Asks: 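The structure that follows is given in the form of C-alpha cells.
All values derive from a computational prediction rather than experimental measurement.
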Amino acid sequence: MKKLTKAQLETFVDFACHQHKAEAHNRKAASVLVSEDDYDEYARLSRISYKHATVAVNIARDELGMTDEQIDKCHHLLITWANAYDELAVA
C-alpha cells in the first residue's frame, strides 16, 4: 500500500471522526428514547447524528473519491442518515 500524504491522512481522519460522531449520537438518541421516553431529546440527538453523517459522506465522496458502495461498507446507515439530514434541511 502506498503511503498516504499528511493531507490525505488528515482528510481520512476527518471522515472517520464525523462517522464516529454520527454513530455515537445515534446510539445516545436511541438510548434516550428507550430509557427516558424523551422524544424531543431523541429528535435533537438524531439531527446532530444526521449532520455528522452528512459531513462524513461529503468528505468521503468529494475529497476521498469514495463510491456510495464503499461508504456503505464503512457503515451501512451513514448514507441513510445523511439523506435524512438533507430532507430535514429542505423541509
Asks: Do L33 and L45 belong to the same hydrophobic cluster, where Ile, Leu, Val, Met, Phe, Trp and Tyr are linked whenever their side-chain heavy atoms lie under 4.5 Å apart, directly or via other members?
Replies: no

Asks: In this structure, which one of T54, I48, V55 forms a side chain to side chain contact (heavy atoms under 4.5 Å, CB included) with H52?
Replies: I48

Asks: Rounded to the nearest 0.5 Å, how far apart are CD of E23 and OG of S49?
Replies: 8.5 Å

Asks: Linking I/L/V/M/F/W/Y whenever any side-chain heavy atoms sit under 4.5 Å apart, do Y50 and V32 land together?
Replies: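 No.
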
Asks: Can you confirm whether more than 12 heavy atoms, excluding those of E69, are under 6.0 Å from its CD atom?
Replies: no

Asks: Between CD1 of I71 and CG of N58, what distance do you get to the nearest 0.5 Å?
Replies: 8.5 Å

Asks: Does the S46 side chain pair with the main chain of Y42, one donor and one acceptor, at a distance under 3.5 Å?
Replies: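 Yes, because the side chain of S46 sits within donor-acceptor range (under 3.5 Å) of the backbone of Y42.
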
Asks: A side-chain contact here means heavy atoms from C-beta on lying under 4.5 Å apart; do D68 and R61 qualify?
Replies: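 SC-SC contact between D68 and R61 confirmed.
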
Asks: Starting at CD of Q8, measure out to CD of E63 and round the result to the nearest 0.5 Å.
Replies: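 So the gap between those two atoms works out to 11.5 Å.
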
Asks: Would a 4.5 Å heavy-atom cut-off, applied to side chains only, mark H25 and K28 as touching?
Replies: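 Side-chain contact under 4.5 Å: no.
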
Asks: Within this structure, what is the CD-CG distance for the pair Q70 and L64, rounded to the nearest 0.5 Å?
Replies: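 So the gap between those two atoms works out to 9.5 Å.
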
